[in-house]
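Each remark here refers to the structure printed beneath this line.
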Amino acid sequence: AEGICHPILLGNDEAIGKLAEELDLSLEGIEIVNLRHPDESERRERYARILAEKRSREGFTYEEANDKMFERNYFGMMMVETGDADAFITGLYTRYSNTIKVAKEVIGIQPGFKHFGTMHILNSKKGTYFLADTLINRHPDTSTLIDIAKLSDKTVRFFNHTPVISMLSYSNFGADTAGSPVKVHEAVSYMQEEYPELAIDGEMQVNFAMNRELRDTKYPFTRLKGKDVNTLIFPNLSSANAGYKLLQAMDPDTEFIGPIQMGLNKPIHFTDFESSVRDIVNITAVAVIDAIVDKKKKESSVNMIEVSQTTPDELIGSNKIPAKLYESVSVGDTVFTVNNVIDVNNITENGRYIYIDYTIENKSDKDFPTDAVNNFCININGEEIVYDVRADVYAKRFINGYSSKFTVEPKSTVTNYIGFVIPEDTKSFSVGYYATGSENDKTSIVLCDVSSSDFVAPPAGLIKESE
């Protein structure tokens, strides 16, 4: 056993036991839930009441919901929705269209999005690539493509890569003014305007996406100039699904992981009907990481915050902490400076809000970060808390909701802000920066130290908790 998770199988326990005996497989440590057995009637009824109440304004009745609890997808997703399970793997013997419908009804789509999608990860000799949307959205319109781009950005960062995104089509940069290229072009325009720091461009053909020299020579204006694309967003499901399956068929040694769900409220993941044992183990490992992140965020006593209708300058003054600031701390050719540490104190019962603004000066000829894994570190009462896009998996305590992009262009300076909540009993804390990677191997620096004696009284009404 790999020890990845505690598995729960949904099905007839007698049939599963008989099959396992025929195949000489051990079921030790595996919980089997026969969802259709009379012993599960109480749980089916409880799930039905919850689902009927949740979807009462969408025509759902208790009787209809109760009938649906005899279906594996409904029952399994309700286990996750109610906390009886942490994640759900489905799809092996189920029509995707039905699974997608159930996922929307039971789990729902994350706030801020109207769509969800899936991604496949391709590990090849040339490198690691992320392909989306490979399963869910058949004929995406502009708004769908925008959601897929935003979800892809988030997911690629989750796997410790900096996304360089190409949105694909059969035309290049507005050459075709009709059909699907227009939707892609509009999506790119929106993403570039709303996320100016994100490396994304298109629409473009695959050969230009994958050949940096060809792309830079032919289209020197592209935002991807000098960058190697690692994320490919296809214009529709036909091209995405056919594309990754073609690559898989041409080189069986290339490893594909997926489909990885992006955008649902809980860890629900899918498998292909031709999935191998290794494929199922891989997607289970992804689901476990996803579940750990989700669970730890909810348990955290340290939460990111957002500042409502205010600027750092409005917080500075009587609320500025006389903290010990370590100015001009260098990591290679990059200089960090903490400008202010502001104590906003107990606006809610969750703890003491701390707000920091800092400056990063990149003196090098490359974007910062390059291939390093970049983290903010907060040390509270001697306990280190690491934040980065994957730190939720490893850290002892966690910071939620901070998704600020962290790229500083060559020979430029950026001022940014970070907010967090510390427990009420905090005696002292320090904030630092930690990097790992070929260029910044295990570099750790302290940016500021604060003692509880430095805490000050709060102004009113400036802070609200992020969702």
Side-chain angles (χ1 to χ4, degrees), residues 1-11 25-33 72-73 76-77 79-81 83-94 96 99 103 107 110 116-124 127-136 151-152 154-161 163 230-231 244 247-248 252-299 373 386 388-396 398 436:
E2 297 289 339
I4 296 174
C5 64
H6 172 70
I8 303 172
L9 287 180
L10 297 184
L25 296 175
S26 172
L27 295 176
E28 183 180 355
I30 298 177
E31 180 182 352
I32 301 174
V33 175
R72 278 186 298 241
N73 280 331
M77 291 189 198
M79 289 184 71
V80 177
E81 178 68 8
D84 289 345
D86 297 311
F88 183 57
I89 309 293
T90 185
L92 198 60
Y93 300 110
T94 310
Y96 283 129
T99 306
I107 302 299
Q110 291 177 10
F116 77 101
T118 60
M119 172 179 284
H120 273 77
I121 302 176
L122 184 161
N123 289 320
S124 68
T128 300
Y129 296 91
F130 304 86
L131 285 60
D133 165 32
T134 53
L135 185 64
I136 304 299
L151 288 168
S152 296
K154 181 179 177 181
T155 304
V156 173
R157 294 179 189 277
F158 178 88
F159 287 103
N160 260 350
H161 288 258
N230 62 5
T231 307
Y244 94 81
L247 292 171
Q248 198 172 34
D253 293 331
T254 297
E255 182 182 33
F256 280 83
I257 301 174
I260 297 166
Q261 175 268 123
M262 312 181 295
L264 291 176
N265 284 320
K266 299 282 180 71
I268 306 297
H269 289 273
F270 311 97
T271 56
D272 290 320
F273 73 90
E274 72 272 18
S275 294
S276 66
V277 172
R278 181 175 181 179
D279 292 334
I280 296 173
V281 170
N282 283 341
I283 203 64
T284 300
V286 171
V288 168
I289 295 173
D290 199 3
I292 291 172
V293 171
D294 185 65
K295 194 171 185 178
K296 291 300 184 181
K297 282 181 178 179
K298 293 176 182 176
E299 294 174 352
V373 177
V386 179
D388 76 334
V389 289
R390 289 188 65 194
D392 293 346
V393 180
Y394 307 111
K396 295 178 181 177
F398 306 87
T436 60

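With contacts defined as side-chain heavy-atom distances shorter than 4.5 Å, the pair L27/I32 qualifies. Residues T128 and I121 meet the side-chain proximity criterion, which asks for heavy atoms closer than 4.5 Å.
The nearest pair of heavy atoms linking A132 to M262 is CB-CE, 4.1 Å. Contact record, I8 with A85: CD1-CB, 4.4 Å, taken as the closest heavy-atom pair. Here the closest non-hydrogen pair linking I107 and K266 is CG2-N, 3.3 Å. The heavy-atom pair separating R72 from F88 by the smallest distance is O-CZ, 3.7 Å. For the pair I136 and T118, the tightest heavy-atom approach, listed with the atom from each and the gap, is CG1-CG2, 3.6 Å. Among all heavy-atom pairs drawn from G258 and I283, the shortest one is CA-CD1, 3.9 Å.
Residues satisfying the side chain to side chain contact (heavy atoms under 4.5 Å, CB included) criterion with L25, sequence neighbours excluded, are A20, L23. For T155, the side chain to side chain donor-acceptor pair (under 3.5 Å) criterion is met by no residue, not counting sequence neighbours. When the salt bridge (Lys or Arg N to Asp or Glu O under 4.0 Å) test is applied to D279, no partner is found at least two apart in sequence or on another chain. For E255, the side chain to side chain contact (heavy atoms under 4.5 Å, CB included) test picks out N123, I257, R278, N282, with sequence neighbours left out. Qualifying side chain to side chain donor-acceptor pair (under 3.5 Å) partners for S152, counting only residues two or more places apart in sequence or in other chains: none.
Taking the six-membered ring for Trp and thresholds of 30 and 60 degrees, F130 and H161 have ring planes more than 60 degrees apart, a perpendicular arrangement.
Taking CD1 from I260 and CG from L131, the interatomic distance works out to 11.0 Å, rounded to the nearest 0.5 Å. Atom CG of N265 sits about 11.0 Å away from atom CZ of F116, to the nearest 0.5 Å. Taken to the nearest 0.5 Å, the CZ atom of F270 stands 7.5 Å off from the OG1 atom of T90. Here the CZ-CE distance, from F159 to M119, works out to 8.5 Å after rounding to the nearest 0.5 Å. Atom-to-atom distance recorded for L151:CG and D133:CG is 9.0 Å, nearest 0.5 angstrom. Interatomic distance, OH of Y244 versus NE2 of H120, reported as 3.5 Å (0.5 Å rounding).
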Distance-only criterion, 3.5 Å: show the donor-acceptor pairs between side-chain atoms of residues 284-292 and protein atoms not counting sequence neighbours.
unit_1, atom_1, unit_2, atom_2, d
T284, OG1, I280, O, 2.7
D290, OD2, H269, NE2, 3.0

Between T254 and L247, is the side-chain contact (heavy atoms from CB on, under 4.5 Å) condition met? List the steps. CA-CA 8 Å; T254 297; L247 292 171; over 6 Å; no

